[in-house]
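Here's the structure, in structure tokens; my notes come after.
As the structure lists them, so they are numbered: ligands from 1, and atoms in each ligand from 1. It should be emphasised that the depicted structure is a prediction, and the values quoted were computed from it without experimental measurement. Keep in mind that the numbers below use all heavy atoms, side chains included, and drop hydrogens, waters and symmetry copies.
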Amino acid sequence: MTGALPSHARVVVIGGGIAGCSVAYHLTKLGWRDVLLLERRDISCGTTWHAAGLVGQLRSTHNLTRLAKYGADLYERLEAETGQATGFRRPGSVSVARTAERMHELKRLASMARCFGVEVDVITPGEAGRRWPLMRIDDLVGALWLPRDGRTNPIDTTLALAKGARQGGAILLENTPVTVIRVSQGRVVGVSTPAGEVACEVVVDCAGMWAREVGRMAGVSVPLHASEHFYIVTEPLAGVASDLPVLRDTDGYIYVREEVGGLLMGGFEPVAKPWGMTGIPADFAFSLLPEDWEHFHVLMEQAVIRIPALETAPVRRHVNGPESFTPDGRYLLGEAPECRNFFVAAGFNSIGIASGAGAGKAVAEWLIGGEPPMDLWDVDIRRMAPFQDNPRYLYDRTKEMVGAAYAVHWPFQQPVTGRGLRRSVLYDRLAARGACFGVVLGWERANWYATPGMEPIYRYSYGRQNWFPCAAAEHRAVREAVGLFDQSSFCKLRLEGPDALAVLQRLCANDVDVPRGRIVYTQMLNERGGIEADLTVTRLAAEVFVLVTATAAATHDADWIRRHLGDARAVLTDVTSGEAVLGVMGPRSRALLARLTDADLSSAAFPFLTSRQIGLASAPVRAARITYVGELGWELYVPTEFAVGVYDALVAAGEDLGLHHAGYHAMDSLRIEKAYRSWGHDLGGEDTPLEAGLGFAVRPDKTMPFLGREALLTQREAPLRRRLVVFVVDDPEPLLYHDEPIWRDGALVGRITSGAYGHTIGRAIGLGYVEHADGVSDRFVETGRWEIEIACERTPARAQLTAPYDPKSLRVRA
Ligand SMILES: Cc1cc2nc3c(=O)[nH]c(=O)nc-3n(C[C@H](O)[C@H](O)[C@H](O)COP(=O)(O)OP(=O)(O)OC[C@H]3O[C@@H](n4cnc5c(N)ncnc54)[C@H](O)[C@@H]3O)c2cc1C
């Protein structure tokens, strides 16, 4: 594919692997003709050509499953559509479990996948053995059978997407590396290649393991790192039929499939070998890395346990090819926050063949529609922070993330690499108190506190983990006495300038034109009325506001506001590092603070949803009367250099009041009892405030119309077909996490978006959206037989629209 380089294209797609070809294919399918794909060497020559070609549909989250299912469906019809063979077929797949915990995880995934029409059956080891006769089954607990899982030829499938793109009008040029990305006023304006320059409006970085390098051309961080990645292919073996299903034995880190009468066996070893730290050789095309049998040994050792015939099978080929991995094991999609019209589809963590189709479709729709077409937060590049582009961090984390693909995905699991990077100034104090830290966007956060004699280390399981009683005690202290949270990682954004109010009035669904010192809880919406941000806005002065949002949403929310600033006279600054935040929460919080300040803390002088500058323990502190745990309490915003002193004073003064350190697990339990929503879980771009039960925070009649208002007004005219409902499980034993299906009178009507154990209520509580074509009325919720499916078993639950704890919020306003 050579040809003349056009001088202009609407979109330039960089990279002709499966991701780039899929983006070009989908753009043309959606009617864009002026699409140019530039590949530095040959189509598929990077990582795509040597992939094993597994097209599994079961993914760790519901959205990734949706995208992977789309891929299998597209590949099935692509040959007929384009005339290019793909080699796609559906031999099905068998995933086996060696332990009860793994089986539990597989069943949870099966429950979730069924919500999206993925066919999946739980089968016995015997049934698994009948489908895979060469497999040893005596040590297995059970298995899943996915009859519609597929496999494909990666090169041919990529060529079919490329052909489809060309048929749709795209130009694809090989041997044309992009060497420069031209940016003007923060926006992509063109690319340069050795063959000349191309002016363009949009760039899509699909450069695989080169994507980080390509990102840097535009000042964009694309945090990914290559790792060596292995499989072997044996000579033909007796008993291996061409329709043999794909086998996954994730406890043994391996997958196996038929290949020309033999077996192809590869895997995800627990400690990987990052590669390409000093750059990728310029001539790297259709290239492999040296064999490394010593490193491969850990996979081989496990493979012969499962398939004894592999012990003596002659190996025909040993493949070691590089693939890129990201810090959290999920790929990177969407428009980069650093540069307008610079999109990314890269970092596929070895599921790029299975996910390339869905990712390409999602990016194409995003680019054309200006917004993510569905909730893509799991893979949105804005879940990352710039520090994650650091090469040493990426190198360390990549060692872990390869193995993480097949490790059990324990609830609350924390990475072990790349830790200790962002620490609150109170870190050492909290560690001395027994804090066990988890990590969010690099921030070390106290998740729970070990009791004396206990190690602050997680013992993971799908049941009650070792910290369960610790979090219960922390929870109780907050409900009954007073708890101390270090909330320093919460993202604080300061918006100031003559137009700051106008910007916020346009972006916020609530009215933020309030007196100085008022706090407003609000959402920011997209055109469809979907929730792009869920935050509090505090007016500090006529032209100064501080916005507080979740740690994980920091990059995303700042980007959302910045992209809507236009030429407004307002400046947005992330001031998170400038202030530590101490949450003092519980019925005795007033008594505790009163010991350290002369300020009047009574409700008359300091009502709920207000903020005041006070002197506290000789430090200047902004106290905000707000809560995410449903009790009387204050968040103390303390200049970082004063924070240790304030903390020490609080601890000393709180002892006889029952002050208890509390972590994020307790906070989650407390907030779910109050049915406080969590953005990224219960709220996202596909959910409107009306559906989410947040209509109380919407002011359609405020003086300035806000983004998303029209969509809400239209939605208000008809009964809501989708609503967030609170579920309390009848049985005190089971736990809810997320993605559990919701059943009403035997019909599947939704799924849980976030779940936690409510220690006051004594039951697991879940929030989840329920759908019904005729509308989800109050009566619909109050009647009916409700059940939540956990690991393929249904358990009865009570459905309600109000919070299970203090629904009238009397305690908050005490
Ligand atoms: C051993 C192995 C087994 C695998 N098995 C599977 C599997 O069974 N199932 C599955 O789903 N996935 C599998 N994968 C993963 C899959 O191969 C990748 O996720 C996928 O191929 C990535 O596609 P991509 O388009 O992002 O990257 P690539 O295929 O690497 O494409 C990127 C392209 O960008 C080009 N490029 C780079 N820089 C520039 C530039 N400046 N200008 C122009 N072009 C540029 C490169 O030449 C390259 O062709 C496997 C990977 C490996 C290594």
Side-chain angles (χ1 to χ4, degrees), residues 12-24 36-57 59 68 71-72 75 93 149-155 157-158 161 172-181 191-194 203-217 224 226-233 246 248 255-257 264-268 275 280 282-289 317-326 331-332 344-360 402 405:
V12 171
V13 178
I14 303 176
I18 194 151
C21 292
S22 172
V23 170
L36 174 67
L37 183 148
L38 300 177
E39 162 56 48
R40 62 180 250 287
R41 292 289 293 265
D42 306 283
I43 295 292
S44 88
C45 75
T47 295
T48 295
W49 71 278
H50 55 65
L54 273 49
V55 184
Q57 304 168 88
R59 297 288 158 219
Y75 297 157
S93 80
D149 259 9
R151 53 175 281 194
T152 200
N153 178 321
I155 298 182
T157 306
T158 305
L161 289 167
L172 283 70
L173 297 181
E174 297 181 305
N175 298 305
T176 314
V178 170
T179 49
V180 173
I181 296 174
V191 301
S192 303
T193 76
V203 152
V204 191
D205 178 358
C206 300
M209 63 185 164
W210 294 265
R212 182 167 168 264
E213 199 177 297
V214 168
R216 289 161 86 122
M217 294 179 193
L224 53 80
S227 171
E228 301 190 21
H229 198 38
F230 305 85
Y231 62 77
I232 55 162
V233 182
V246 171
R248 288 189 185 81
Y255 62 83
V256 194
R257 71 161 172 82
L264 181 157
M265 184 278 286
F268 294 80
W275 179 80
I280 298 159
D283 59 351
F284 202 86
F286 293 118
S287 308
L288 289 177
L289 304 174
R317 215 148 63 91
H318 176 110
V319 171
N320 176 8
E323 159 69 334
S324 42
F325 291 82
T326 60
Y331 45 92
L332 304 169
V344 179
F348 281 96
N349 295 273
S350 207
I351 56 164
I353 306 303
S355 308
V402 175

ask   = Can you tell which part of Tyr231 has a heavy atom less than 4.0 Å from ligand 1: side chain, backbone, both or neither?
value = side chain
request  = State, with a plain yes or no, whether a side-chain heavy atom of Arg41 is found less than 4.5 Å away from one of Asn175.
outcome  = yes
ask   = Got an N/O contact under 3.5 Å between Ala19 and ligand 1?
value = yes
Contact (N/O only, under 3.5 Å) between Val214 and ligand 1 = no
request  = Take Trp210 and Asp205 through the test side chain to side chain contact (heavy atoms under 4.5 Å, CB included) and record every step on the way to the result.
outcome  = CA-CA 9 Å; Trp210 294 265; Asp205 178 358; over 6 Å; no
Shortest protein heavy-atom distance from atom 11 (O) of ligand 1, along with the residue and atom involved = Ala354 N, 2.7 Å
message = Less than 6.0 angstrom separating the ring centers of His229 and Phe268, yes or no?
response = yes
remark   = The protein heavy atom nearest to atom 31 (O) of ligand 1 is Gly17 CA, 3.4 Å
ask   = Hey, is Gly266 one of the residues with a heavy atom under 4.0 angstrom from ligand 1?
value = no
message = Contact between ligand 1 and His50 is defined here as a heavy atom of the residue under 4.0 Å from a ligand atom; is it met?
response = yes
ask   = Quick one: which ligand 1 atoms are inside 4.0 Å of a heavy atom on Gly53?
value = 7 (C), 8 (O)
request  = Report yes if the side chains of Ile353 and Thr48 come closer than 4.5 Å at any heavy-atom pair, otherwise no.
outcome  = yes
ask   = Can you tell me the protein heavy atom closest to atom 42 (N) of ligand 1 and the distance?
value = Val178 N, 2.9 Å
note = Counting from 1 in the order shown, the ligand 1 atoms closer than 4.0 Å to a non-hydrogen atom of Pro177 are 42 (N), 43 (C)
message = If we count only N and O atoms by modelled type, under 3.5 Å, do the side chains of Thr157 and Thr152 hold a donor and an acceptor together?
response = yes
query = Got the closest protein heavy atom to atom 3 (C) of ligand 1, with its distance?
reply = Ala52 N, 3.6 Å
request  = For Ile18 and ligand 1, answer yes if some heavy atom of the residue is under 4.0 Å from a ligand atom, otherwise no.
outcome  = yes
inquiry  = Below 4.0 Å from ligand 1: does a non-hydrogen atom of Ala346 turn up there or not?
reply    = no
query = Taking heavy atoms and a distance under 4.0 Å, where does Ser44 meet ligand 1: side chain, backbone, both or neither?
reply = neither
ask   = Which atoms of ligand 1 sit under 4.0 Å from any heavy atom of Ile351?
value = 10 (C), 11 (O), 12 (N)
inquiry  = For ligand 1 and Ser350, I'd like to know whether there is a polar contact (N/O to N/O, distance under 3.5 Å).
reply    = yes
request  = Please confirm whether Ile353 comes within less than 3.5 Å of ligand 1 when only nitrogen or oxygen atoms on both sides are compared.
outcome  = yes
Numbering as shown, the atoms of ligand 1 that approach Cys45 to under 4.0 Å (heavy-atom distance) = 47 (O), 49 (O)
request  = Measure the shortest side-chain to side-chain distance between Asn320 and Leu288 over non-hydrogen atoms and say whether it is less than 4.5 angstrom.
outcome  = no
remark   = Of Thr48, Leu264, Ile280, the residue with the heavy atom nearest atom 22 (C) of ligand 1 is Thr48
ask   = Can you name the closest pair of heavy atoms from Glu39 and Gly16 and give their distance?
value = OE1-N, 2.7 Å
inquiry  = Using side-chain heavy atoms (C-beta onward) and a distance below 4.5 Å, is Pro322 in contact with Leu289?
reply    = yes
ask   = What atoms of ligand 1 come closer than 4.0 angstrom to any heavy atom of Gly15?
value = 33 (C), 34 (O), 35 (C), 44 (N)
key: Chi angles and distances behind the side chain to side chain contact (heavy atoms under 4.5 Å, CB included) call for Ile280, Trp275   = CA-CA 9 Å; Ile280 298 159; Trp275 179 80; 3.9 Å; yes
Derivation and outcome, side chain to side chain contact (heavy atoms under 4.5 Å, CB included), residues Val214 and Arg40 = CA-CA 12 Å; Val214 168; Arg40 62 180 250 287; over 6 Å; no
note = Ranked by distance from atom 9 (N) of ligand 1, the top protein heavy atom is Leu54 O, 3.0 Å
message = As a quick check of understanding, evaluate side chain to side chain contact (heavy atoms under 4.5 Å, CB included) for Val23 and Leu37, giving each step before the final call.
response = CA-CA 9 Å; Val23 170; Leu37 183 148; over 6 Å; no
Option set Gly208, Pro154, Gly46, criterion heavy-atom distance to atom 27 (O) of ligand 1, minimum = Gly208
task = Could you check if a side-chain atom of Met217 sits within less than 4.5 angstrom of a side-chain atom of Val203, using non-hydrogen atoms only?
result = no
ask   = Atoms of ligand 1 less than 4.0 Å from Glu323 heavy atoms?
value = 15 (C), 16 (C), 18 (C), 19 (O), 53 (C)
query = Would you say Ile14 has any N or O atom under 3.5 Å from an N or O of ligand 1, going by distance alone?
reply = no
key: Nearest protein heavy atom with distance in Å, relative to atom 17 (O) of ligand 1   = Ala51 CB, 3.2 Å
note = Of all protein heavy atoms, the one nearest atom 38 (N) of ligand 1 is Trp210 CB, 3.5 Å
task = Return the option from Glu39, Arg40, Glu213 holding the heavy atom at the smallest distance from atom 39 (C) of ligand 1.
result = Arg40
ask   = With a 4.5 Å heavy-atom cut-off, do Ser93 and Gln57 have their side chains touching?
value = no
Minimal non-hydrogen separation, Trp49 against Ser287, with atom names = CZ2-O, 3.5 Å
ask   = Under 4.0 Å from any heavy atom of Gly321, which atoms of ligand 1 are there?
value = 53 (C)
message = Minimum heavy-atom separation for Thr179 and Pro194, please, with both atom names.
response = CG2-CD, 4.2 Å
inquiry  = Starting from atom 52 (C) of ligand 1, what is the nearest protein heavy atom, named by residue and atom, and what distance separates them?
reply    = His229 CD2, 3.4 Å
ask   = If you measure from CZ on Phe286 to OG on Ser44, what distance do you get to the nearest 0.5 Å?
value = 4.0 Å
